[in-house]
Every structure is written in C-alpha cells, then in structure tokens.
Amino acid sequence: MKDSSWGRLVGVLVAPGETFRSIAERPTWLPPLLGLLLLGLAVGVIVQMKTDPEEMVRGQMEMMKVDVPPEQIDKMVEDAEGRSTTATMALTVLGVFVQAAMYAVIAVLFWLGLRLFGSEMDYLSSLATTLHAYMPLAVASLINLPLMMARESLSFEEVVSGGVLVSSLKALAPEDAPPVLESLLGNFDLFTVWTVVLLIIGYKIVGKVSTAVAAGIVILYWLIYVGGKLAFTAAFLR
C-alpha cells in the first residue's frame, strides 16, 4: 500500500511512518492533490445546492463589522439569487484553484523553513509531504458529504463551520461566546490536530531533520495561522 501512489492516500492515515519513508524515496503529489480537490469541489457543489442565497448574504453582513445600507444588502441578495448556474459553478471551481494554490504555498513555506535547518529536501518532496499530511481533511469531507446530502438545507452557521460534522471544541462554546473565542476553539479540531501530527512525522522523515525541528516549524506555522485568524476575527467580525 505504501509503495502505490493511490495506496499512500490510505497508508498515510494508518501507517504514516512507513508511508512517508516511501514518499522520501519516491515523492508523488498528483493523487493526493486530485483527491483533495475533487472532494473540495464536491463539498462546494453541495453547499451551493443546499444553501439559501439570501441567508448567506445576510449572514455575512451580520457577521462583519460594517454598516451596510439595507438597500445595498437587498441589491446583493438580488444579485446572488439571480446568479446563473454557470456563474455559481465557476465560483465553486475558482475556489478549488484557490485551494490548490494554498497547498502549493504551504509546501513552499515548509520547504524554505526546513532548508534553513539544513534539510536538503526539494520542493516536490515538500509538496508531496504536505498533500499526504492533509489527507485527514479528505476523511472529514468523506464524512461530511453524506451528512450534508441528507439535509434539506444548510444554514449559514453550518457553512461557516465547514459542514455538518461536529469535530472541534467550538461545539462546547456557549451561545453568547464572542467570535474570537469561537474562532480559537474552532482551531482545535480532530482533523486539524491529526493533520498537524502527520506534518510533523512527514517532515521529520522526508526532510531528514530531528523531531524537534519538524515539530517546531510545523507548530510555529500553525500558531501564526491561528493568530492571523484570531486577529482577522477581532478586527472584522462581530
């Protein structure tokens, strides 16, 4: 399983050490990229099918710390409701390309970070490591998809939370919790923590660095990401 390009998608979840050692010898990045993007596209299509455009627009406006005239909100709702299926699908596909670019940038950051500590890993090996380490997100999507399809509609809160699946400490937040607290708790998600662990294992093996270096770089980047989200939430969301 660990030696097969497609088998690695499962192998990294059940035997990460062996799988990443195989990736270090022969990096593969296309199968995990296709898997993640196709699942992301499927989730995006279901969200478009199951959400009310008006609820989404008004939910976004209520969340943001901006005062928008009612007539402007009505115009935005009208535009959203009048958007053609082709335009809606184009936006969904655009989101998939953004997702692909995000993985590419993450791989660059890890590649540069580990190179500073003496790793001789090349960029494609970093990309392969990143994509395989993100396979827990594919598991989350596979669980989310049937749950979302079984619903007649999805609320704005569910879409913002990433779906119907409850897997983070955000579910424990009180109803009147401030957005910053909800954002903080939302980062402590089962699949996110799983991904962080795989990134540490993967970059230790593929990058040929110590556990301390791999863990330090992965956790540092994760803390920067969390801090950025919290700052954005505090600045722009109610």
| request: Could you tell me whether a side-chain N or O of S126 sits under 3.5 Å from a main-chain N or O of A107, the two making a donor and an acceptor? | output: yes
| message | Tell me if the CD atom of E120 is crowded by more than 12 foreign heavy atoms within 6.0 Å. | response | no
| query | Roughly how far, to the nearest 0.5 Å, is CD of E78 from CD of E71? | reply | 13.0 Å
| field | Atom pair OH (Y103) and CG (L127), whose distance is rounded to the nearest 0.5 Å | value | 11.0 Å
| About how many Å separate OG1 of T92 and CE of M49, when rounded to the nearest 0.5 Å? | 11.5 Å
| Under 3.5 Å: donor-acceptor pair, side chain of T129, backbone of S125 | yes
| query | In the single-linkage hydrophobic clustering (I, L, V, M, F, W, Y; side-chain heavy atoms under 4.5 Å), do L230 and L172 co-cluster? | reply | yes
| task | Count the heavy atoms belonging to other residues, nucleotides or ligands that lie under 6.0 Å from CE of M149, then report whether that count exceeds 12. | result | no
| message | Using 0.5 Å steps for rounding, measure from the CG atom of L9 to the CG atom of L36. | response | 8.5 Å
| request: Go through the steps to decide whether L131 and Y134 satisfy the test side chain to side chain contact (heavy atoms under 4.5 Å, CB included), and finish with yes or no. | output: CA-CA 5 Å; L131 292 170; Y134 270 81; 5.9 Å; no
| said: When you measure from the side chain of W111 to the backbone of M121, do you find a donor-acceptor pair of N or O atoms at a distance under 3.5 Å? | reply: yes
Pairs of donor and acceptor atoms involving the side chains of residues 184-191, under 3.5 Å and at least two apart or interchain, shall be tabulated with distances.
unit_1	atom_1	unit_2	atom_2	d
N187	ND2	S183	O	2.7
D189	OD1	F191	N	2.8
D189	OD1	T192	N	3.2
D189	OD2	S167	OG	2.5

| task | Answer yes or no: is there a side-chain heavy-atom contact under 4.5 Å between P16 and H132? | result | no
| message | Let me check something: do L116 and V209 share a hydrophobic cluster, defined by ILVMFWY side-chain heavy atoms less than 4.5 Å apart, either directly or through other members? | response | yes
| message | I want to check something: taking the side chain as every heavy atom from C-beta on, are M148 and V47 in contact at a cut-off of under 4.5 Å? | response | yes
| message | Is there a path of hydrophobic side-chain contacts, each under 4.5 Å between heavy atoms, that joins L169 and I143? | response | yes
| request: Spell out, as yes or no, whether a donor-acceptor pair under 3.5 Å connects the side chain of Y221 to the backbone of L109. | output: yes
| task | May I ask whether F97 and L34 are part of the same hydrophobic cluster, defined by side-chain heavy atoms of I, L, V, M, F, W, Y residues being less than 4.5 angstrom apart, directly or through others? | result | yes
| said: Closer than 3.5 angstrom, by distance alone: can the side chain of R8 be matched with the main-chain N or O of S22 as a donor-acceptor pair? | reply: yes
| Are the side chain of Y123 and the backbone N or O of A104 linked by a donor-acceptor pair below 3.5 Å? | yes
| task | Determine, stepwise, if the pair F110 / T130 fulfils side chain to side chain contact (heavy atoms under 4.5 Å, CB included). | result | CA-CA 8 Å; F110 281 118; T130 291; 4.0 Å; yes
| query | Crowded around W194 CH2? As in, over 12 foreign heavy atoms under 6.0 Å? | reply | yes
| request: Taking all heavy atoms of A128 and all of T28, pick out the closest pair and write down the distance. | output: CB-O, 3.3 Å
| field | Closest contact, heavy atoms only, G17 versus I205 | value | O-CD1, 3.6 Å
| Is there a side-chain contact between W222 and L199, using heavy atoms and a 4.5 Å cut-off? | no
| About how many Å separate CG of L30 and CG of L37, when rounded to the nearest 0.5 Å? | 9.5 Å
| field | Minimum heavy-atom distance S5-R26, with the two atoms named | value | OG-NH1, 3.6 Å
| note | Of all heavy-atom pairs linking A177 and A173, the shortest is CB-CB, 4.0 Å
| field | Heavy-atom closest contact (P174 atom, E182 atom, distance) | value | O-OE2, 4.4 Å
| task | Find out whether P32 and M135 are in side-chain contact, i.e. whether some heavy atom of one side chain is under 4.5 Å from a heavy atom of the other. | result | yes
| query | Tell me, which pairs form a side-chain hydrogen bond (donor to acceptor under 3.5 Å, both in side chains) where one or both residues lie in residues 41-56, sequence neighbours left out? | reply | E54-R58
| Heavy-atom distance under 4.5 Å between the side chains of L114 and F117, does that happen here? | no
| task | Hey, could you give me the CD1/CH2 distance between I23 and W29, rounded to the nearest 0.5 Å? | result | 14.0 Å
| Any chain of hydrophobic side-chain contacts (each under 4.5 Å) joining L39 to L91? | no
| field | Pair L41-Q99, side chain to side chain contact (heavy atoms under 4.5 Å, CB included): steps then yes or no | value | CA-CA 10 Å; L41 179 61; Q99 182 185 3; over 6 Å; no
| Taking all atoms of both residues into account, what is the closest heavy-atom pair of G207 and S119, and its distance? | O-OG, 2.8 Å
